[in-house]
Amino acid sequence: MPTAASLIPKGFKPFRVGLIQLATGSHKLTNLKNAALRVAEAATIGKARVVVLPECFNSPYGTQYFDDYAETIDPPGESYHALQSMAKDNGVWLIGGSIPERSKDTGKLYNTSLSFNDKGELVGIHRKVHLFDIDVPGKIKFQESECLSPGNSLTKIDTPYGSVGIAICYDVRFPEMCQIAARSGCAAMIYPGAFNLTTGPLHWELLARARAVDNQIYVAMCSPARDMSATYHAWGHSTVVDPNGQVISKAGTGEEIIYADLEPGRLGEVRLSIPVTTQRRFDVYSNVALT
């Protein structure tokens, strides 16, 4: 018979995560400086060991902005160097939200998340796999594919506290990504995201809780702060959900930092009490983690 301890992902140790619901404006340098101040606050005052920034933290969110704000990763641009310094200077693992990235080889644009370890070393690159192309009549139409290209790979980083999966915003609607992460040993799935005032109240918390309870892992979704003077109105409400689908930390709409303590014991307890991880019938349906 399994025990709670046997159901905990390998290497998962307790840690505090800090989600920075950053107020982002049109001036990139100001955004980078503000992010640096908030990362330092999360590390020193909040005692977070893993810190997360929101989607497009260095620029306004919108297809009309991506080209102007895009940077290459190789050679590194100013946002890369800023994130590297934030991680190293504060001794934290940093999930750097996302930035508009331009490929030096093809010129294509991507919505890309960069992750750095506590020494400032790049440990993960996630290009948003599913582009935000929606049309809700009378409410919102948005087409990221007008200027962005999709990524073609999944992202997992191995930290001293366990493995973490990373995806961006609209990726959360596709449960296979989180299923694969969970079955590959991830203790948490982290989504920098920027839902809006139409999709946010409908699905932001619902999707975070669904991904968590389906896979019995922690889920964190980090939004920009809401700015009603901007061209895109982010929902805010950055959220952390435990493996039982319970919200354990949630922001309002303005700029703030929220924290949550991720506990291996809680994850093991949930998996033991409702043992779906050991009850799956891969003789009846396929295991997406193996395809």
Side-chain angles (χ1 to χ4, degrees), residues 12-24 31-58 79 82-99 113-120 123-124 126 155 157-169 172 186-194 204-205 208 212 217-226 234-243 246-264 266-267:
F12 181 21
K13 299 176 182 178
F15 70 94
R16 175 167 291 183
V17 64
L19 274 57
I20 298 175
Q21 188 162 285
L22 193 72
T24 299
N31 294 333
L32 296 177
K33 288 181 177 179
N34 190 28
L37 290 173
R38 293 302 190 177
V39 170
E41 179 183 344
T44 57
I45 298 176
K47 306 300 181 184
R49 297 297 86 209
V50 175
V51 179
V52 186
L53 287 165
E55 183 178 22
C56 288
F57 84 94
N58 70 339
S79 297
L83 290 167
Q84 184 178 50
S85 295
M86 292 178 215
K88 183 178 180 180
D89 293 348
N90 296 288
V92 296
W93 285 68
L94 179 62
I95 315 300
S98 77
I99 64 171
S113 181
L114 304 176
S115 296
F116 293 85
N117 66 17
D118 54 0
K119 298 179 178 62
V123 294
H126 180 77
T155 305
I157 63 171
D158 297 320
T159 80
Y161 318 106
S163 297
V164 174
I166 298 167
I168 299 172
C169 198
V172 74
C186 289
M189 192 77 184
I190 296 178
Y191 298 91
W204 175 262
E205 183 178 309
I217 63 173
Y218 287 92
V219 170
M221 296 178 64
C222 186
S223 172
R226 188 182 304 175
W235 174 238
H237 298 296
S238 297
T239 300
V240 184
V241 182
D242 82 358
Q246 295 179 302
V247 175
I248 56 174
S249 189
K250 186 175 182 179
T253 61
E255 183 171 271
E256 65 175 295
I257 306 173
I258 64 169
Y259 303 95
D261 293 317
L262 278 55
E263 297 287 348
R266 176 59 173 160
L267 188 151

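Given the structure is predicted, the values throughout are model-derived calculations rather than measurements. The figures that follow rest on heavy atoms only: side chains count, while hydrogens, waters and symmetry mates do not.
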Subject >> Non-hydrogen atoms of Pro224 and Gly193 that approach each other most closely >> reply: CD-O, 3.1 Å
Original post:
Stepwise, does the side chain to side chain donor-acceptor pair (under 3.5 Å) test hold for Gln21 with Ser238?
Top reply: CA-CA 7 Å; Gln21 188 162 285; Ser238 297; 2.8 Å; yes
Subject >> Beyond-backbone contact of Ser79 with Leu32, side-chain heavy atoms, under 4.5 angstrom >> reply: yes
Subject >> Where Leu22 and Asn31 come nearest, the two heavy atoms and their spacing >> reply: CD2-O, 4.1 Å
Original post:
Is the closest side-chain heavy-atom distance between Ser163 and Phe12 below 4.5 Å?
Top reply: no
Original post:
Between Met189 and Ala167, which heavy-atom pair has the shortest distance, and what is it?
Top reply: CE-CB, 3.7 Å
Subject >> 4.5 Å side-chain heavy-atom contact, Asn34 and Glu255 >> reply: yes
**OP:** State, with a plain yes or no, whether a side-chain heavy atom of Ile248 is found less than 4.5 Å away from one of Tyr218.
**Re:** yes
Subject >> Between OG1 on residue Thr24 and CD on residue Glu55, distance to nearest 0.5 Å >> reply: 10.5 Å
Original post:
Looking at CD of Gln84 and NZ of Lys119, how far apart are the two atoms once the value is rounded to the nearest 0.5 Å?
Top reply: 13.5 Å
Original post:
Which heavy atom in Lys250 sits nearest to a heavy atom in Glu205, and how many Å separate them?
Top reply: NZ-OE1, 2.7 Å
Original post:
Out of curiosity, Leu114 CG to Ile99 CD1, how far, rounded to the nearest 0.5 Å?
Top reply: 5.0 Å
**OP:** Indicate yes or no for a side-chain donor-acceptor contact from Arg49 to the backbone of Gly91 under 3.5 Å, with no hydrogens or angles considered.
**Re:** yes
Original post:
If you round to the nearest 0.5 Å, how far is CG of Leu53 from OG of Ser98?
Top reply: 10.0 Å
**OP:** May I ask you to test the Asn117-Thr159 pair for a side-chain heavy-atom distance under 4.5 Å?
**Re:** no
Original post:
Can you name the nearest heavy-atom pair linking Ala43 to Val92, along with the distance?
Top reply: CB-CG1, 3.6 Å
**OP:** Could you walk me through whether His126 and Thr155 pass side chain to side chain donor-acceptor pair (under 3.5 Å), step by step?
**Re:** CA-CA 6 Å; His126 180 77; Thr155 305; 2.8 Å; yes
Original post:
Below 4.5 Å, heavy atoms only, C-beta onward: do Val247 and Val240 meet side chain to side chain?
Top reply: no
Subject >> Non-neighbouring partners of Ala87 that pass side-chain contact (heavy atoms from CB on, under 4.5 Å), sequence neighbours left out >> reply: Leu94, Phe116
Original post:
If you take all heavy atoms of Ile258 and Ser249, which pair is closest and at what distance?
Top reply: CB-OG, 3.4 Å
**OP:** Given side-chain contact (heavy atoms from CB on, under 4.5 Å), test Ile257 with Leu19 step by step and report yes or no.
**Re:** CA-CA 6 Å; Ile257 306 173; Leu19 274 57; 6.0 Å; no
Subject >> Note, Ser223 side chain near Pro54 side chain (heavy atom, < 4.5 Å) >> reply: no
Original post:
Given the rule in the salt bridge (Lys or Arg N to Asp or Glu O under 4.0 Å) test, do Arg266 and Asp242 qualify, once you have shown the distances and angles that lead to the verdict?
Top reply: CA-CA 8 Å; Arg266 176 59 173 160; Asp242 82 358; 3.2 Å; yes
Subject >> Contacts of type side-chain contact (heavy atoms from CB on, under 4.5 Å), residue Ser115, not counting sequence neighbours >> reply: Ile95, Val123, Ile157, Ile166
Original post:
Has the side chain of Arg16 got a donor or acceptor atom that lies under 3.5 Å from a matching backbone atom of Gly46?
Top reply: yes
Original post:
Does any non-hydrogen side-chain atom of Arg226 lie less than 4.5 Å from one of His237?
Top reply: yes
Subject >> Chi angles and distances behind the side-chain contact (heavy atoms from CB on, under 4.5 Å) call for Trp93, Tyr161 >> reply: CA-CA 10 Å; Trp93 285 68; Tyr161 318 106; 4.3 Å; yes
